[in-house]
> 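This is the structure I want to talk about, given as C-alpha cells.
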Amino acid sequence: MSYIITSGYGYSKILCEDVTSWFLNKFFPRHKIMVDIVHRGLKREGVFGYCDVVGETYRPRHFLIELDTHMDRDLYIRTLLHELTHMAQWIRGSLRHRYGKLCYCKQPVENWDYWYQPHEVEAREEEERLFEMYHYDQIDDRMIFFPNRLMEM
C-alpha cells in the first residue's frame with residue numbers, strides 16, 4: 001500500500017492524486033511507498049519540479065516531490081510524471097548516492113552538463129511515453145481511477 005500526501009496551493013488535488021496513484025499502481029503495485037507532494041512557487045529557482053529522497057538513500061521508500069504551482073494541466077502532468085520517473089530510478093537503484101556523489105548506473109552525473117545527464121535524458125523520454133499511457137488509460141472504459149487506489153471493472 002502506497003501513501004500520497006499533497007500540500008501547497010494552486011493545484012488540483014484530484015489530478016495530483018490521480019496521476020500519482022496511476023503511476024504507483026501501474027509500476028510499483030507491491031511496494032510500500034510514501035510520496036509527499038508539495039506545491040509552491042518555484043519560479044525564482046527556474047525549475048518546474050524536484051524529486052528528493054527522504055531519509056535513507058539505500059532502498060528508499062519515502063520521497064518528496066516539489067512542483068511549481070503555476071503550470072497548465074498538460075505541463076503539470078508531464079512534470080509530475082518526470083519527477084515520478086526520478087522516483088522510479090531511485091526505487092530501482094539506477095539512481096543512487098555513491099561516495100557522496102549522485103550516480104546513475106554507477107557513473108557520477110556531474111560528469112555531464114545538466115541537459116545531458118543520463119537520468120535527466122531518461123526522465124524526459126519517459127515523461128512523454130507516460131503522458132500518452134496515462135491519457136490512453138483514462139480513455140479506456142474498463143478502468144476507473146480513484147485517488148490512492150485502482151479498481152478494475
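Just so you know, residue 1 is the first one in the sequence shown, and it goes up from there.
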> Working to the nearest 0.5 Å, report the span between OG of S94 and CD of Q107.
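Spacing of OG (S94) from CD (Q107) equals 13.0 Å.
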
> Go through the steps to decide whether R124 and W115 satisfy the test side chain to side chain contact (heavy atoms under 4.5 Å, CB included), and finish with yes or no.
CA-CA 10 Å; R124 282 192 302 275; W115 191 257; 3.7 Å; yes

> Please report the closest heavy-atom contact between I77 and V19, naming both atoms and the distance.
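For I77 and V19, the tightest heavy-atom pair comes out as CG1-CG2, 4.2 Å.
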
> CD1/I33 to CD1/I4 distance, rounded to the nearest 0.5 angstrom?
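Rounded to the nearest 0.5 Å, the CD1-CD1 separation comes out at 10.0 Å.
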
> Please list every donor-acceptor pair under 3.5 Å in which a side-chain atom of residues 48-59 meets a protein atom from a residue at least two apart or in another chain.
from: Y50; atom 1: OH; to: E45; atom 2: OE1; distance (Å): 2.7

> Excluding sequence neighbours, so at least two apart, what forms ring pair (Phe, Tyr, Trp, His ring centres under 6.0 Å) with F131?
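Residues passing ring pair (Phe, Tyr, Trp, His ring centres under 6.0 Å) with F131: H135.
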
> In terms of hydrophobic clustering (I, L, V, M, F, W, Y; side-chain heavy atoms under 4.5 Å; direct or indirect links), are F27 and I65 co-clustered?
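Yes, same cluster.
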
> Under the salt bridge (charged side-chain N to carboxylate O under 4.0 Å, His left out) test, which residues partner E126, sequence neighbours left out?
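With neighbours one apart ignored, the set is R129.
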
> Dump the intermediate steps for side chain to side chain contact (heavy atoms under 4.5 Å, CB included) on E120 and W112, then the final yes or no.
CA-CA 11 Å; E120 290 296 337; W112 292 274; over 6 Å; no

> Quick one, H39 and Y76 - any side-chain contact, counting heavy atoms below 4.5 Å?
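With C-beta onward as the side chain, the pair touches.
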
> Mind checking ring pair (Phe, Tyr, Trp, His ring centres under 6.0 Å) for H70 and listing every partner two or more places apart, or none if nothing turns up?
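Scan of H70 (ring pair (Phe, Tyr, Trp, His ring centres under 6.0 Å), adjacent residues dropped) gives none.
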
> Tell me every residue that passes side-chain contact (heavy atoms from CB on, under 4.5 Å) with D36, counting only those two or more places apart in sequence or in another chain.
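For D36 the side-chain contact (heavy atoms from CB on, under 4.5 Å) partners, ignoring immediate neighbours, are I5, M34, H62, L64.
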
> Side-chain contact, heavy-atom cut-off 4.5 Å: D18 with Q138?
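Yes, their side chains come closer than 4.5 Å.
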
> Only counting residues at least two apart or in another chain, list the ones meeting ring pair (Phe, Tyr, Trp, His ring centres under 6.0 Å) with H86.
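Applying ring pair (Phe, Tyr, Trp, His ring centres under 6.0 Å) to H86 gives H82, H119.
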
> Do T6 and Y11 have a side chain donor and acceptor closer than 3.5 Å?
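Looking only at side-chain atoms, Y11 and T6 do form a donor-acceptor pair, the distance falling under 3.5 Å.
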
> Say you draw a straight line from NZ of K26 to CG of D137; how long is it, rounded to the nearest 0.5 Å?
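It is 4.0 Å, given to the nearest 0.5 Å.
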
> Check step by step if side chain to side chain contact (heavy atoms under 4.5 Å, CB included) holds for T79 and D68.
CA-CA 9 Å; T79 303; D68 186 52; over 6 Å; no

> Specify whether Y134 and W22 have parallel, tilted or perpendicular ring planes, treating 30° as the upper limit for parallel and 60° as the lower limit for perpendicular.
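Perpendicular, since the angle between the ring planes exceeds 60°.
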
> Following the transitive rule for hydrophobic clusters with a side-chain heavy-atom cut-off under 4.5 Å over Ile, Leu, Val, Met, Phe, Trp and Tyr, establish whether F28 and I37 coincide in one cluster.
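Result: yes, single cluster for both.
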
> In the structure I gave you, are the side-chain heavy atoms of R61 and I91 within less than 4.5 Å of one another anywhere?
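R61 vs I91: side chains touch.
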
> Within a strict 4.5 Å, meaning less than it, do heavy atoms of the E83 and F63 side chains meet?
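Heavy-atom side-chain distance check fails, nothing below 4.5 Å.
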
> Which atom names give the shortest non-hydrogen contact between R73 and L15, and what distance separates them?
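Residues R73 and L15, closest heavy atoms: NH2-CD1, 3.7 Å.
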
> Taking atom CG of D113 as the centre, report whether more than 12 heavy atoms of other residues, nucleotides or ligands fall under 6.0 Å from it.
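No, because the 6.0 Å sphere around CG of D113 holds 12 heavy atoms or fewer from other groups.
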
> Answer whether the closest heavy-atom distance between the side chains of S2 and V35 falls below 4.5 Å.
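No, every pair of side-chain atoms sits at 4.5 Å or beyond.
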
> Looking at side-chain heavy atoms only, is the closest gap between H97 and W90 below 4.5 Å?
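Heavy-atom side-chain distance check passes, below 4.5 Å.
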
> Could you check if a side-chain atom of R78 sits within less than 4.5 angstrom of a side-chain atom of E128, using non-hydrogen atoms only?
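R78 reaches E128 side chain to side chain.
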
> Evaluate M133 against F23 for side chain to side chain contact (heavy atoms under 4.5 Å, CB included), listing each step before the verdict.
CA-CA 10 Å; M133 285 175 63; F23 184 88; over 6 Å; no

> For a side-chain hydrogen bond (donor to acceptor under 3.5 Å, both in side chains) check, start with the C-alpha distance between Y104 and Q89, then their side-chain angles and the critical distance, and finish with the verdict.
CA-CA 9 Å; Y104 180 79; Q89 292 167 339; 4.5 Å; no

> In terms of hydrophobic clustering (I, L, V, M, F, W, Y; side-chain heavy atoms under 4.5 Å; direct or indirect links), are L75 and L67 co-clustered?
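Both belong to a single hydrophobic cluster.
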
> With rounding to the nearest 0.5 angstrom, report the CG to CG distance, L84 to L24.
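So the CG of L84 and the CG of L24 are separated by 6.5 Å.
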
> Roughly how far apart are L80 CG and T20 OG1, rounded to 0.5 Å?
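So the gap between those two atoms works out to 4.0 Å.
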
